[in-house]
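Shown next, in structure tokens, is the structure this report addresses.
Values below: all heavy atoms of this structure, side chains included; hydrogens, waters and symmetry mates excluded. One is the number of the first residue; the rest follow in order along the sequence.
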Amino acid sequence: MAGGWRLLAADFAMSLMWVWSSVLNKIFVHRILGYGAHGINGEIVRYGFSILNMFFFAFMAKATKGGAYNPLTLLSAAISGDFSNFLFTLGARIPAQVVGSVYGVRLILDIFPGIGRGPRLNVDIAKGALTEGFLTFAIVIISLGLARKVTNSFFMKTWISSVSKLTLHILGSDLTGGCMNPASVSHFGGRLGVRILARPKKDEAAAAKKDEASQLKSEKVN
């Protein structure tokens, strides 16, 4: 049971950190280093830091003995495992990842309210779903293949996986943003959810001000 709690804590922390990593990468490259948002040099530097970032998370997964930030990685392993592991993954680990991602988004909104938006869908829903499905399928196949074929070299496995993910992300970025990870999509979904949850308070405040203005207006008329 202690190992289960350790994995849940690792999943929560890594999902929160993964959401933050892309934001910090953009801030470091564009605001601190001063590269333009759409310049080729800035894109090269940002992609370089993205590969380093994936190496860091691969090391975190190894250090935590199985921690993950991508639900698809957990599902592919859980489906091929026993039923109890499948239930633990579906009922505990994936929710821990979702909660970690949502809290990460909430912190981003509180600290950097104008940081920008998540991935955008630039095609119709059918083409977007097909594109994301193909990209995700390719990532899962590559990950499973590396887990079976490359077992002795952490660097080689992480390098191939990182470059493959980055390549597929670039290929899909103009169409769907190249997410290939529900934790990344939750950056956008979390923003939407936080705003929806916060909207009733704003609506109540606006309604109270409107009622107060109407009351003052009626008093002046009287």
Side-chain angles (χ1 to χ4, degrees), residues 5-32 43 45-78 89-90 92-113 115-120 132 135-136 138-140 142-144 146-147 154 157-170 172-173 176-194:
W5 285 110
R6 174 181 52 78
L7 283 177
L8 292 180
D11 293 339
F12 174 87
M14 289 179 66
S15 297
L16 188 149
M17 293 167 63
W18 177 259
V19 174
W20 266 87
S21 64
S22 61
V23 175
L24 294 178
N25 188 7
K26 291 179 181 178
I27 291 175
F28 182 74
V29 172
H30 299 310
R31 296 188 182 180
I32 297 178
E43 292 297 308
V45 173
R46 186 163 66 87
Y47 291 145
F49 279 112
S50 295
I51 292 178
L52 292 177
N53 183 55
M54 284 185 270
F55 265 91
F56 170 75
F57 276 92
F59 173 78
M60 287 283 293
K62 187 175 182 180
T64 57
K65 298 180 180 179
Y69 60 89
N70 191 341
L72 297 174
T73 304
L74 295 181
L75 273 179
S76 61
T89 299
L90 197 64
R93 295 195 66 183
I94 290 179
Q97 291 177 332
V98 172
V99 173
S101 298
V102 170
Y103 268 96
V105 171
R106 188 156 192 172
L107 287 174
I108 291 172
L109 289 175
D110 291 339
I111 300 175
F112 305 108
I115 196 61
R117 300 180 179 178
R120 296 182 181 180
E132 280 295 308
L135 295 175
T136 304
I139 283 296
V140 171
I142 291 172
S143 299
L144 292 176
L146 289 174
F154 170 79
K157 182 168 66 174
T158 306
W159 172 256
I160 296 174
S161 175
S162 301
V163 173
S164 300
K165 290 178 181 178
L166 182 60
T167 302
L168 291 171
H169 170 78
I170 294 173
S173 59
T176 65
C179 299
M180 302 171 292
N181 181 0
S184 298
V185 182
S186 68
H187 188 145
F188 175 75
R191 290 175 66 99
L192 182 61
V194 169

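- Between Ile139 and Leu135, every side-chain heavy-atom pair lies at or beyond the 4.5 Å cut-off.
- To the nearest 0.5 Å, atom CH2 of residue Trp18 and atom CD of residue Gln97 are 12.0 Å apart.
- No more than 12 heavy-atom neighbours from other residues, nucleotides or ligands sit within 6.0 angstrom of CH2 on Trp159.
- Residues Asp11 and Gly66 share a closest heavy-atom pair of OD1-O, 4.4 Å.
- Two residues are said to be in side-chain contact when any heavy atoms from C-beta on lie closer than 4.5 Å; Met54 and Thr158 fail this criterion.
- Sparse packing is recorded around CZ of Phe59, with 12 or fewer heavy atoms of other residues, nucleotides or ligands lying under 6.0 Å away.
- Between Pro95 and Thr89, the shortest heavy-atom distance links the atoms CD-O, 4.2 Å.
- The two residues Leu7 and Lys65 have their closest heavy-atom pair at CD2-O, 3.7 Å.
- In this structure a side-chain-to-backbone donor-acceptor pair under 3.5 Å is present from Ser22 to Val19.
- Separating the CG atom in Asn53 from the CG atom in Leu166 is a distance of 11.0 Å, to the nearest 0.5 Å.
- With a 4.5 Å cut-off on side-chain heavy atoms, Ser21 and Asn25 do not count as touching.
- Annotation: the span from Ile94 atom CD1 to Leu8 atom CG amounts to 11.5 Å, rounded to 0.5 Å.
- In this structure, the separation between CD1 on Ile108 and CG on Leu24 is 7.5 Å, given to the nearest 0.5 Å.
- Contact check for Leu16 versus Val99: no side-chain heavy atoms found under the 4.5 Å cut-off.
- Within the 4.5 Å cutoff, side-chain heavy atoms of Phe57 are placed close to those of Met17.
- Shortest non-hydrogen contact noted between Ala10 and Gly67 is CB-CA, 3.9 Å.
- Residue Phe49 holds its CZ atom at 15.5 Å from NZ of Lys26, rounded to the nearest 0.5 Å.
- The environment of OH in Tyr103 is sparse: at most 12 heavy-atom neighbours from other residues, nucleotides or ligands sit within 6.0 Å.
- Rounding to the nearest 0.5 angstrom, the gap separating the OG atom in Ser161 from the CG atom in Leu146 is 6.0 Å.
- For the pair Gly104 and Trp20, the tightest heavy-atom approach, listed with the atom from each and the gap, is O-NE1, 3.2 Å.
- Closest non-hydrogen pair, Ser15 versus Ala68, comes out as OG-O, 4.1 Å.
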